[in-house]
Amino acid sequence: MRYYSILLFLLLPLTAFAQDFQFQLDPDAFPVTINNWQPFQPWAGGMDYSTPELCDLDNDGDLDFFCGDYCGYVKYFKNIGTTTHPNFIFITDFLDSLHSAGLPEHGYSHVDFADIDGDGDKDALVSYSRVLLFHNIGTSMQPLFSINPDTLHDTNGNQIISMHATLVDINNDGKVDLFAGHYNGYIQYYQNVGTSANYSFQLISSNWLNTIVSGEYADPCFADLDSDGDLDLLVGTGDGTIYYYRNDGTPQNPQMTYVTNNYFSIDVGADASPELADIDGDGDLDLFVGRSHWTAGGGPGDVYFYLNVGTAQIPIFHLVTTNYLTWNCGIMAKPSLIDIDDDGDLDLISSTDFYLTLYRNQGTLANPHFVWETDNFCNISTPGACEPWFADMDADGDYDLFIGPGAIPGPPGLYFFRNQGSPQTPNFVLESTNLVPGYFTQGSVCLNPCTADIDADGDQDLFVKDNLGCCYFFRNVGTPTNFQFQYVTSNWQNFTGPYYYMNFYDIDGDGDLDLFKYHEVTIYYPWDKNLRFYRNIGTPQNANMRFEIGDMFPELMIWSACPYVIDMDQDGDGDLFVGDQWGGIRYFKNVTGDTTAVLHPDKVPIPPPRRTILSVSNNPSNPVSLISFSLPSPQEVSLSVYNILGSKVATLVSGKQSAGDHTVSWNATGNASGVYLVQLLTPQEAVTRKVVVVK
């Protein structure tokens, strides 16, 4: 991870290109306030199974923020503030080569940093099931992690298995030992019987000092909580609570005393992952707790933050926010940007499981500031899921509301609420629970509506997607003031694939509606994250959608992407909001034609000149990917492909290459579906990109 490449990472990979439009991720474009707290990077997307780790990885004197997640990768937020006033900026969803290499349908990752080989820089321990060690082959200030991790074994040759593993010098001998939390609530202790430069882990106990927890999924966190010179223990549990064990022994011989299974009454809903750090530099430890959304109602939050308002000896933890880093409503964010109160600016409404959340714009049209107001907007609720779509269906100047519910067994009926209030004070009255009856099948357990004037006749037509992959099209044969939907097809434009979301917008300014669409190829596959673009090559009256981009943002983990396009900055082009499976929203500014566009240059470290550029197109590949790289001068180059276990599967380039642009292809016909890493090695640096093979 080299900081001269960070700026290019922000400006290039997080951008979607076509011939005539370009989007750029802007994770802190507009402030968001939630219960008096403003997340650092509200538009950086959601998190699930967040496992926080705070560490000064770049050795600049302040703590950076890292988070494992559901998909097995490691997110990175760099601290560009100070030791007393942190300021985190989003860098990447994929920190270097770090990945849990878990099962393909659910990776998960728990990350911990420690100098395990005594070379003065921090290495990375990533666990879920297997425990992997990624050596830092860079420096203490510019870390770079090997793509060939060690799978850790004990002195008997047994593979070390853990849900949440951590490294800590528990016996004060100058070497880090390993603790492995497990599904059954036990914590295993592996003593490092090697040297500070050559680790060797011996299993000492499968139930270390009887620190077992109920609630499953033991997640241990060691720190000196009472400032007496030895390490105490917090253990997160699967049910969202935290155990506390006080060390009444010595730094060399710990003796753990059970104190409580309900530490400060903390309950994050599910899968509590504690992390202790002095984030404000006042000499005591503050508390961060990661979580998952697998709890009743989903629940909001990415990482809970508890400020220590006590002392270093007697901590008292006070909940400050459930959304420390990002805007996160819990599960399945579906954004709508509409002027719900007719005050001339755009407000934000998103689904939150069975209800709607309102973030009212307390700023202006030009400078929005979204403030959380309620998780139960207008007391609207539906059984099962809640997939909203706002449109003025009776041309009376206010928004009416469609909601696609969920129902098991199906079929559900499409809900329609007519706004009987005013543009300033909406009052949504349920008019129908089955607006277009008789068309959805028993397997259609979830409906997703949207409207668009697809035939340019002045009224809104209706599209409804279901979980089976059907795209129902109902033409409005009524009028703008009195709609009447007529069924046309359940396979509009031959779109298939389960669970997808659609949004129409004339992004190329040619007078017809183009389409942004999430497309899930296989259900519950975390790398199936395709936000697609279809260009309308027909006419405003007769759409003909041509597939152009298969994954608009391959460098981001956006699962179940829900697009919403609107001219947010009033500059004449459409900007893009994308909701995700974990309840977050990303904002992409349309910077088409803006040659001066940069992403908050005052918040980005000034890097040395970029030496090389590496990119992958046709990604996901099926099975051929085009890999491009650019060299500033002639030099020796090695371009190779590795699987997620670190084994080389192909060498694409080896030897001296000329300056300029180069493109080679990789045919993955003989390789299994999954995630691979493309690495470009030059005498100056190593650059790695991810490619996904789907067959």
Side-chain angles (χ1 to χ4, degrees), residues 10 23-47 77 80-81 85-90 300-303 305 319-330 333-352 355-378 388 390 399 423-426 562-580 583-591 594 597-604:
L10 287 170
F23 291 113
Q24 187 178 85
L25 178 68
D26 196 347
D28 66 343
F30 324 112
V32 175
T33 297
I34 306 171
N35 292 326
N36 299 315
W37 176 262
Q38 290 189 14
F40 290 95
Q41 301 279 271
W43 310 104
M47 298 184 192
F77 294 81
I80 60 170
H85 295 87
N87 185 14
F88 295 105
I89 62 169
F90 172 76
D302 59 347
V303 174
F305 171 50
L319 177 62
V320 176
T321 181
T322 64
N323 288 79
Y324 185 71
L325 293 170
T326 70
W327 182 94
N328 195 316
C329 70
K334 188 175 183 183
S336 296
L337 279 297
I338 59 175
D339 186 4
I340 197 61
D341 48 13
D342 198 38
D343 63 351
D345 55 38
L346 295 172
D347 308 292
L348 170 65
I349 298 177
S350 178
S351 57
T352 305
Y355 304 94
L356 299 181
T357 297
L358 170 64
Y359 288 77
R360 196 179 299 276
N361 189 348
Q362 302 286 11
T364 64
L365 183 62
N367 296 288
H369 179 182
F370 298 100
V371 179
W372 175 84
E373 187 168 302
T374 179
D375 286 330
N376 190 13
F377 174 63
C378 288
F390 292 89
Y399 292 99
Q424 297 77 27
T425 308
C562 184
Y564 194 94
V565 187
I566 194 167
D567 186 3
M568 191 65 192
D569 51 11
Q570 301 298 300
D571 63 351
D573 53 34
D575 307 296
L576 175 63
F577 291 83
V578 183
D580 63 37
I585 298 175
R586 291 170 174 85
Y587 171 68
F588 299 87
K589 177 179 171 57
N590 191 331
V591 295
D594 185 358
V598 294
L599 187 56
H600 296 281
D602 58 314
K603 293 188 177 181
V604 178

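Residue numbers run from 1 in the order of the sequence given.
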Any donor-acceptor N/O pair, [X] side chain to [Y] backbone, under 3.5 Å:
X	Y	result
Asp567	Gly572	yes
Asp347	Ile340	yes
Asp302	Leu325	yes
Thr326	Gly46	no

Let me confirm one number: the [atom1]-[atom2] distance from [X] to [Y], rounded to the nearest 0.5 Å.
X	Y	atom1	atom2	answer
Ser336	Leu346	OG	CG	11.0 Å
Leu337	Met568	CG	CE	5.0 Å
Phe30	Asn367	CZ	CG	9.5 Å
Leu356	Leu358	CG	CG	9.5 Å
Tyr359	Ile349	OH	CD1	12.0 Å
Lys589	Asp573	NZ	CG	7.0 Å

Chi angles and distances behind the side chain to side chain contact (heavy atoms under 4.5 Å, CB included) call for Gln362, Thr33: CA-CA 10 Å; Gln362 302 286 11; Thr33 297; over 6 Å; no
Pair Asp569-Asp575, side chain to side chain contact (heavy atoms under 4.5 Å, CB included): steps then yes or no: CA-CA 8 Å; Asp569 51 11; Asp575 307 296; 2.9 Å; yes
Side-chain donor-acceptor pair present, Asp375, Thr357, cut-off under 3.5 Å: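 A pair is found: one side chain offers a donor N or O, the other an acceptor, under 3.5 Å apart.
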Sole residue of Trp327, Trp372, Tyr324 in ring-ring contact (aromatic ring centres under 6.0 Å, His included) with Trp37: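 Among Trp327, Trp372, Tyr324, the one meeting ring-ring contact (aromatic ring centres under 6.0 Å, His included) with Trp37 is Tyr324.
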Least distance between heavy atoms, [X] atom then [Y] atom:
X	Y	result
Asp345	Gly363	OD2-O, 3.4 Å
Pro86	Phe40	O-CE2, 3.3 Å
Ala333	Gly583	CB-C, 3.7 Å
Pro335	Tyr564	O-CD1, 3.2 Å
Asn323	Pro39	O-CG, 3.5 Å
Pro31	Gln38	CB-OE1, 3.8 Å

pair Leu348-Val32: side-chain heavy atoms closer than 4.5 Å: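 With C-beta onward as the side chain, the pair stays apart.
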Parallel, tilted or perpendicular: ring planes of Trp43 versus Phe370, cut at 30 and 60 degrees: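 Trp43 and Phe370: perpendicular rings.
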Centroid-centroid under 6.0 Å between Phe88 and Phe77 rings: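 Here the rings of Phe77 and Phe88 have centres that are no less than 6.0 Å from each other.
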Residue pair Gln41, Asp28: steps toward the side chain to side chain contact (heavy atoms under 4.5 Å, CB included) verdict: CA-CA 5 Å; Gln41 301 279 271; Asp28 66 343; 3.3 Å; yes
